[in-house]
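Structure record follows, encoded as structure tokens.
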Amino acid sequence: MRKLKTTILLSLCSIFMLQSQEIERLKHELTFAKTDTSKVWQYRDLAYYYQTVDSDSAIYFAYRGYDLAKFLQFPSGKIWCLYQVGRAYENNNQLDSTFAIYNRSLQIAQRYNDSLSRAKLLNAIGVTHYFSGNFHDALIYYNQGFLLSDSLDYQEGIAYALNNMAVIYRLQRRYDKALEIYDKSLEIKTEEKDTVGIINSLYNKGLAYSYLGQFEESLSTLTESKILSEKYREPDANIANIDIGIGVAHYNLGNISEAKKFLNDGIQFSERITPEKVSAMAYLGAIDVMEGRTAEGLKRIEEAYEITVSSGRKELLRTVLKERALASERAGNFLIATESWKAYSSISDSLNQESSQWAMKEMQARFELKDKETTISLQKLQLEKEASQKRWYLISGIFLALVLIIIVLFLRKILKQRKQLTLEVSRKEEALNENDLLLQEMHHRTKNNLQLLNSILSLHSRNIDNPIAQKALQSSRDSVGAIGLLHHQLYKTKDLRKVHFQPYVNELCDYFRKAFSLEDRKISLSCKCEDFSVDIDKAIPLGLIMNEMVTNAIKHAFESGEPGEISLNVTSQLGKITIEVEDNGVGIPSESESTTGTGRKLIKIFSDKFKADFDYINKDKGTLARFSIPA
């Protein structure tokens with residue numbers, strides 16, 4: 001314990017000595033400094049180091065820097081010297097003056113389009129609103145600072161705004177939301193190796209855990225923050241507040257001796273009255289009452305109570321009232337205990353009501369901010385548009401004569417080139433039309449040749465008595481007929497590279513009805529086909545496959561003289577073309593399942609080529625043949 005106190009005292013002394021040395025060094029350098037921007041920053045640095053030593057001196061040197069920056073027309077110097085003035089007023093709890101100074105700095109940053117300074121100042125104004133208890137406006141400024149920092153990819157500003165928003169969420173008892181934002185902030189600070197930022201984020205996480213009643217997590221996180229503070233001896237790390245937070249965690253975990261030690265350390269090294277110091281006074285008073293020092297403990301609690309009442313901090317007042325009520329009960333002073341519990345209940349109700357109001361205000365603020373940003377963006381776009389138009393008019397006026405000369409010089413050349421291009425396009429169109437006519441004529445002649453071939457095969461089949469040969473010739477005639485119908489379709493259409501499949505299937509079915517005398521055999525053939533087109537290279541195999549599937553059903557599905565029904569259904573869905581032929585005939589006889597048939601071999605060849613699927617499904621009555629190919 002003594003060793004720790006000695007270490008902390010030495011650290012504080014060394015920090016104070018370093019500050020004093022820096023102040024003296026800067027004062028010495030000022031006596032020889034040239035009147036330029038470097039001297040402005042020296043005044044700013046002097047004000048910075050005086051913040052914790054003498055606020056009046058900080059204000060004095062900051063104004064000296066501002067006046068010099070104004071004389072030198074140095075906007076950044078004006079902004080950040082005024083910022084130091086605002087900090088000094090904030091340290092003295094003169095928040096109205098702080099607002100006025102920060103807003104002056106913000107106006108300068110806006111006037112000179114200094115977006116980075118604007119982002120920093122928006123966060124600073126948010127902090128001042130937070131200290132004044134105006135959480136609604138604090139969140140608005142934090143959010144503005146966050147959005148601007150994010151647009152600039154200013155990671156430190158993003159983390160700072162997130163951290164500050166999380167503090168307000170913590171005060172609004174939205175602790176889960178606060179922890180989520182602290183984690184984001186901690187991640188950014190860790191990536192940037194910002195030790196002070198890491199320490200502060202860990203400290204804030206520890207407080208959030210404490211408000212959630214997760215005191216083990218609070219103790220662990222705050223201890224990690226303290227270890228980093230002592231390891232790197234960061235002057236900006238608030239070790240006193242960290243000690244108080246650790247003491248509160250120990251107190252709620254029942255570790256009274258440890259709580260007492262850390263709370264005393266926190267109060268001892270806290271330089272001014274802060275909410276953390278006041279809460280530590282209340283907890284130490286409660287410990288005094290527990291340990292029998294009733295008068296001393298109650299006095300401490302009353303002192304904390306009086307400070308809290310005058311501060312107007314409701315969250316802190318609730319904490320002090322609770323400890324005041326518990327300590328009064330232990331001391332037997334039930335009148336004060338009852339009074340404290342009533343006040344505690346009243347302020348808890350008030351805080352809960354404020355939480356609901358904050359949530360509504362935050363939502364409204366977001367909508368207003370978005371609307372405002374949209375309006376500003378539109379105005380900015382309008383101004384940019386007007387400026388762009390003015391520049392364009394100016395440039396147009398200057399180069400108008402030159403443009404006219406260029407137009408005159410190249411007009412003949414352009415017209416000549418255009419004429420040549422028109423003639424060339426006309427020739428190409430004529431050639432394409434001629435090619436289309438030739439291709440159409442080719443399909444027409446191919447169709448006629450296939451019809452001739454069909455007739456020749458018909459003549460041969462009449463002169464052959466062998467049933468097997470007749471069957472083979474008939475199968476060939478059917479295939480030739482199917483291909484001939486394809487060329488007939490291509491001949492009738494304008495697109496000579498694709499087959500419109502629906503009319504082709506209908507004509508193919510008409511062909512089957514006539515070729516096999518289906519009406520006389522009392523066999524009904526119904527055909528359905530979705531409206532789609534197929535490339536000629538794929539249409540021919542599909543036509544042959546349909547021919548094989550339908551003729552196979554006509555030939556094998558029905559016994560001699562038996563009536564029946566055959567349906568052909570062609571669909572193109574989900575990237576696949578599917579052909580289904582279904583009949584209500586005798587089913588698949590065992591011998592038809594062999595793969596020795598020419599038709600089945602043909603289907604297998606096309607299945608392998610196009611990676612298609614083919615199945616025969618034997619139903620209770622009839623057969624379903626399905627062929628599916630990628631479209």
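- Checked by atom type and distance alone, the side chain of S185 never pairs as donor or acceptor with a backbone atom of I181 at under 3.5 Å.
- Between the side chain of S225 and the main chain of I199, a donor-acceptor pair closer than 3.5 Å is present.
- Take K260 and apply the salt bridge (Lys or Arg N to Asp or Glu O under 4.0 Å) test, not counting sequence neighbours, and it matches E291.
- Taking every heavy atom of both residues into account, I301 and A286 meet most closely at CD1-N, 3.7 Å.
- By the 4.5 Å heavy-atom criterion applied to side chains, D243 and I239 are counted as neighbours.
- We find the CG-OH distance between L121 and Y141 to be 11.0 Å, quoted to the nearest 0.5 Å.
- Contacts of E384 classified as side-chain contact (heavy atoms from CB on, under 4.5 Å), with partners at least two apart in sequence or in another chain: K380, L381.
- The CG atom of L321 lies 12.0 Å from the CD1 atom of I336; values are rounded to the nearest 0.5 Å.
- Qualifying side-chain contact (heavy atoms from CB on, under 4.5 Å) partners for A33, counting only residues two or more places apart in sequence or in other chains: K39, Q42.
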K261 and D265: side-chain contact (heavy atoms from CB on, under 4.5 Å), yes or no, with the steps? CA-CA 6 Å; K261 177 181 73 173; D265 287 345; 4.1 Å; yes
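- Counting heavy atoms from C-beta outward, I307 and V320 have side chains that stay 4.5 Å or more apart.
- Using modelled atom types, no side-chain atom of N92 and backbone atom of Q94 make a donor-acceptor pair closer than 3.5 Å.
- A pairwise comparison of heavy atoms in L298 and V289 identifies N-CG2, 4.0 Å as the closest pair.
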Using side-chain contact (heavy atoms from CB on, under 4.5 Å), reason through I188 and D194 one step at a time and then give a plain yes or no. CA-CA 9 Å; I188 294 170; D194 180 1; over 6 Å; no
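- A salt bridge does not link E386 to K390: none of the charged side-chain nitrogens sits closer than 4.0 Å to a carboxylate oxygen.
- Here L30 contributes atom CG and S38 contributes atom OG; the two are 11.0 Å apart, rounded to the nearest 0.5 Å.
- Nearest approach of A208 to L179, heavy atoms of both residues: CB-CD2, 3.7 Å.
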Yes or no on ring pair (Phe, Tyr, Trp, His ring centres under 6.0 Å) for H129 and F135, after CA distance, side-chain angles and deciding distance? CA-CA 7 Å; H129 277 296; F135 297 152; over 10 Å; no
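- Among residues two or more places apart in sequence or in another chain, the salt bridge (Lys or Arg N to Asp or Glu O under 4.0 Å) test is passed with E187 by none.
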Evaluate Y283 against T319 for side-chain contact (heavy atoms from CB on, under 4.5 Å), listing each step before the verdict. CA-CA 9 Å; Y283 282 117; T319 300; 3.6 Å; yes
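- S151 contributes a side-chain N or O that, together with a main-chain N or O of L148, makes up a donor-acceptor pair within less than 3.5 Å.
- No side-chain heavy atom of T31 sits under 4.5 Å from any side-chain heavy atom of K27.
- P275 and L316 get closest at one heavy-atom pair: O-CD1, 3.5 Å.
- The stretch residues 248-257 participates, sequence neighbours left out, in these side chain to side chain donor-acceptor pair (under 3.5 Å) pairs: H250-N255, Y251-E323.
- The distance from atom OG of S279 to atom CD of E276, rounded to the nearest 0.5 Å, is 6.5 Å.
- Proximity of E302 to Y305: side-chain heavy atoms (C-beta onward) are separated by under 4.5 Å at one or more points.
- Under the side-chain hydrogen bond (donor to acceptor under 3.5 Å, both in side chains) criterion, S328 pairs with no residue, sequence neighbours left out.
- Evaluation of the side-chain contact (heavy atoms from CB on, under 4.5 Å) rule for R25 yields E22, E29 as partners, not counting sequence neighbours.
- The two atoms that bring A166 and Y182 nearest to each other are CB-CE2, 3.3 Å, heavy atoms only.
- E156 is not listed as a side-chain neighbour of I158, based on a closest heavy-atom distance of 4.5 Å or more.
- Formation of a donor-acceptor pair under 3.5 Å by the N204 side chain with backbone atoms of N200 is found in this model.
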List the steps, then state whether salt bridge (Lys or Arg N to Asp or Glu O under 4.0 Å) holds for K299 with E303. CA-CA 6 Å; K299 182 180 178 182; E303 184 181 354; over 6 Å; no
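- Not counting sequence neighbours, the partners of D114 by the side-chain hydrogen bond (donor to acceptor under 3.5 Å, both in side chains) test are S117.
- The closest donor-acceptor contact from the side chain of N164 to the backbone of Y160 lies under 3.5 Å.
- Salt bridge absent: E90 and R87 never bring a charged side-chain N and a carboxylate O closer than 4.0 Å.
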Please report, to 0.1 Å, the donor-acceptor pairs under 3.5 Å made by any side chain of residues 213-224, with sequence neighbours excluded.
{"residue": "S218", "atom": "OG", "partner": "G206", "partner atom": "O", "Å": "2.8"}
{"residue": "T221", "atom": "OG1", "partner": "E217", "partner atom": "O", "Å": "2.8"}
{"residue": "T223", "atom": "OG1", "partner": "L219", "partner atom": "O", "Å": "2.6"}

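- The two residues A47 and F61 make their nearest non-hydrogen contact at N-CB, 4.3 Å.
- Panel note: side chain S345, backbone W341; no donor-acceptor pair is recorded below 3.5 Å.
- Looking at heavy atoms from C-beta onward, K205 lies in side-chain contact with D183 at the 4.5 angstrom threshold.
- In this structure, the salt bridge (Lys or Arg N to Asp or Glu O under 4.0 Å) partners of R300, at least two apart in sequence or on a different chain, are D288.
- Judged by the 6.0 Å distance and 45° axis criteria, K120 is positioned over the aromatic ring of W80.
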Determine, step by step, whether I79 and L106 satisfy the side-chain contact (heavy atoms from CB on, under 4.5 Å) criterion, reporting the C-alpha distance in whole Å, the side-chain angles of both residues, the deciding distance to 0.1 Å, and the verdict. CA-CA 8 Å; I79 291 168; L106 186 61; over 6 Å; no
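- In this view, Y142 satisfies the side-chain hydrogen bond (donor to acceptor under 3.5 Å, both in side chains) rule with no residue, not counting sequence neighbours.
- A 4.5 Å side-chain heavy-atom check between L207 and Y203 finds at least one atom pair inside the cut-off.
- Within the model, atoms OG of S340 and CZ of R318 stand 14.5 Å from one another, a figure rounded to the nearest 0.5 Å.
- Between I244 and F262, every side-chain heavy-atom pair lies at or beyond the 4.5 Å cut-off.
- Distance check: Y48 OH to R44 CZ gives 9.5 Å after rounding to the nearest 0.5 Å.
- Q51 places a side-chain N or O within 3.5 Å of a backbone atom of Q84 that can act as its donor or acceptor partner.
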Can you give me every donor-acceptor pair (side chain of residues 63-78, partner residue at least two apart or in another chain, under 3.5 Å) with its distance?
{"residue": "R64", "atom": "NH1", "partner": "Y60", "partner atom": "OH", "Å": "2.6"}
{"residue": "R64", "atom": "NH2", "partner": "Y43", "partner atom": "OH", "Å": "2.8"}
{"residue": "Y66", "atom": "OH", "partner": "R104", "partner atom": "NH2", "Å": "3.1"}

